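Predicted, not measured: the structure shown is a model, and the values here were computed from it.
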Amino acid sequence: GFSAKIRNWAKKLGMNKWFLTVFFYFIIFSIINFFIDFPLSYYIGFVREHAYNLSNQTFTKWFTDSINALFVGMLIGGLFICIPYYLLKKSPKRWWIYTSIVMVPFMVFMMFISPIWIAPIFNDFGPMKDTALETKILSLAEESGIEGSRVFEVNKSVDTKKINAYVTGFRNTKRIVLWDTIIEKLDEDELLSVMAHEMGHYVLGHTIKSLVFSLFIWIFTFYGIYRTADIFINRYKDKIGFEKFSDIASLPLLFMLMHLFLNIISPIQMGF
């Protein structure tokens, strides 16, 4: 019944307007969830990382990143969650098909904006300091058919001792990204080998193929939710405080069932 109380608070904040109620519910839900998860997040993301000597983060940096991630998640999630709940309200029997289809362009949108607007919130992205190495990476990219991309060096050493590099973005957001840790720890041949591997993912269209495959993942997941949610609601409606799945108070149930069906299908996903 606690979720129904959050919905009632959100209704007051949103002055009984549906969109604002859904948005404010998600904000309140996210903040509560943040504090519930905080001890485990701190243990996994800070304590254990330092115990294995994999982290350079101060607690202040880790906590600041956590708060930034919370605000980004609240803004994007609060706007996006209105779509499936609008579809639930308008089409109770077919919402799962429409929501599955909507998920793919949303993922593309996130891939488009993440390199430009989200990732720089957490770390500084700048030009490569080693211009000779940058020239070789760009030459390798052109040979691979990745033209017009930019190379960025990320100040990840403030966070971690781990190494990473990737190719991301579409069209004018296309970019090759290297953590400063990988530049420091690998020699030139090793680094170019890693970059060739990452470019291979891009050239072979693994991202596009994964997006297409994700459509089938979401169809299975949302269909499973569609078939089981009402069973749960009908059985416990006197206790949970809502009678329809289209009620935003059902969000914890939606997330619970989503994780359940994503776990069920995960062996197929890993196989792919």
Side-chain angles (χ1 to χ4, degrees), residues 18-19 22-23 25-26 29-30 33 69 72-119 144-146 149 164 166-177 197-233 244-248 250-272:
W18 180 85
F19 172 80
V22 172
F23 182 79
Y25 176 96
F26 190 85
F29 175 84
S30 298
N33 215 44
V72 170
M74 285 194 300
L75 178 61
I76 296 174
L79 294 173
F80 177 77
I81 203 67
C82 294
I83 298 173
Y85 273 92
Y86 177 79
L87 295 171
L88 266 165
K89 188 169 72 166
K90 292 295 182 181
S91 182
K93 292 187 177 180
R94 294 188 180 88
W95 70 269
W96 57 277
I97 300 174
Y98 303 140
T99 304
S100 301
I101 294 170
V102 167
M103 285 298 295
V104 176
F106 174 73
M107 291 166 69
V108 172
F109 174 72
M110 289 304 300
M111 289 174 62
F112 191 82
I113 68 165
S114 289
I116 303 174
W117 301 109
I118 298 177
S144 306
I146 306 173
S149 55
N164 194 24
Y166 55 90
V167 181
T168 187
F170 295 101
R171 296 180 179 268
N172 58 341
T173 68
K174 191 162 47 181
R175 55 189 55 199
I176 299 164
V177 180
H197 172 92
E198 296 303 325
M199 290 174 191
H201 284 304
Y202 194 91
V203 172
L204 294 171
H206 289 171
T207 301
I208 302 299
K209 291 173 184 176
S210 295
L211 284 169
V212 173
F213 184 72
S214 72
L215 175 61
F216 298 99
I217 296 288
W218 288 119
I219 288 173
F220 171 85
T221 302
F222 286 123
Y223 180 72
I225 295 170
Y226 164 70
R227 298 295 297 180
T228 54
D230 285 340
I231 297 172
F232 182 93
I233 292 169
K244 293 182 179 180
F245 196 38
S246 57
D247 190 326
I248 187 59
S250 70
L251 187 65
L253 175 62
L254 173 66
F255 282 167
M256 182 181 75
L257 292 174
M258 183 186 294
H259 284 295
L260 172 65
F261 287 105
L262 285 173
N263 278 329
I264 289 171
I265 205 169
S266 62
I268 296 172
Q269 190 174 9
M270 293 298 101
F272 174 80

Assess the residue pair F216 and I265 against the criterion (side chain to side chain contact (heavy atoms under 4.5 Å, CB included)); give the C-alpha distance rounded to whole Å, side-chain angles, the decisive distance to 0.1 Å, and a yes or no. CA-CA 10 Å; F216 298 99; I265 205 169; over 6 Å; no

* To do: Check the pair T99, I83 against side chain to side chain contact (heavy atoms under 4.5 Å, CB included), reporting the backbone distance first and the verdict last.
  => CA-CA 8 Å; T99 304; I83 298 173; over 6 Å; no

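Under the rule for a side chain to side chain contact (heavy atoms under 4.5 Å, CB included), the partners of R94 that lie at least two apart in sequence or sit in another chain are S91, Y98. In this structure F272 satisfies the ring pair (Phe, Tyr, Trp, His ring centres under 6.0 Å) test together with F213, sequence neighbours excluded. Contacts of F255 classified as ring pair (Phe, Tyr, Trp, His ring centres under 6.0 Å), with partners at least two apart in sequence or in another chain: F29. Qualifying ring pair (Phe, Tyr, Trp, His ring centres under 6.0 Å) partners for F245, counting only residues two or more places apart in sequence or in other chains: W95. F106 meets the ring pair (Phe, Tyr, Trp, His ring centres under 6.0 Å) test with F80; sequence neighbours excluded. With sequence neighbours left out, W18 forms a side chain to side chain contact (heavy atoms under 4.5 Å, CB included) with V22, C82, Y85, Y86, K89. H201 is linked by a side-chain hydrogen bond (donor to acceptor under 3.5 Å, both in side chains) to H197, H206, counting only residues two or more places apart in sequence or in another chain. For S30, the side chain to side chain contact (heavy atoms under 4.5 Å, CB included) criterion is met by F26, L70, M74, not counting sequence neighbours. For L75, the side chain to side chain contact (heavy atoms under 4.5 Å, CB included) partners are L79, not counting sequence neighbours.
A donor-acceptor pair is defined here as one N or O able to donate and one able to accept, closer than 3.5 Å; no such pair exists between the side chain of T221 and the backbone of M258.
Of the residues listed (M103, K209, M107), the one engaging S214 in a side-chain contact (heavy atoms from CB on, under 4.5 Å) is M107, and it is the only one.
Between I116 and F112 the shortest heavy-atom distance is CD1-O, 4.0 Å. Of all the heavy atoms in P115 and M110, the pair that sits closest is CD-O, 4.5 Å. Closest of all the heavy-atom pairs between A229 and L253 is O-CD2, 4.1 Å. In terms of heavy atoms, K244 sits closest to I233 at C-CD1, 4.1 Å. Residues T207 and M111 approach most closely at CG2-CE, 2.8 Å, considering heavy atoms.
In this structure, CZ on F222 lies 10.0 Å from CG on L87, to the nearest 0.5 angstrom. Annotation: the span from I225 atom CD1 to H259 atom NE2 amounts to 10.0 Å, rounded to 0.5 Å. Here the CG-CG distance, from L88 to D247, works out to 10.5 Å after rounding to the nearest 0.5 Å. Distance check, rounded to the nearest 0.5 Å: CH2 of W96 to CZ of F220 gives 12.0 Å. From S250, atom OG reaches atom CG of L254 across 6.5 Å, with rounding to the nearest 0.5 Å. Taking CE of M256 as the reference point, atom CG of L251 lies at 12.0 Å (rounded to 0.5 Å).
Listed by first then second residue, pairs satisfying side-chain hydrogen bond (donor to acceptor under 3.5 Å, both in side chains) with a partner in residues 223-232 number zero, not counting sequence neighbours.
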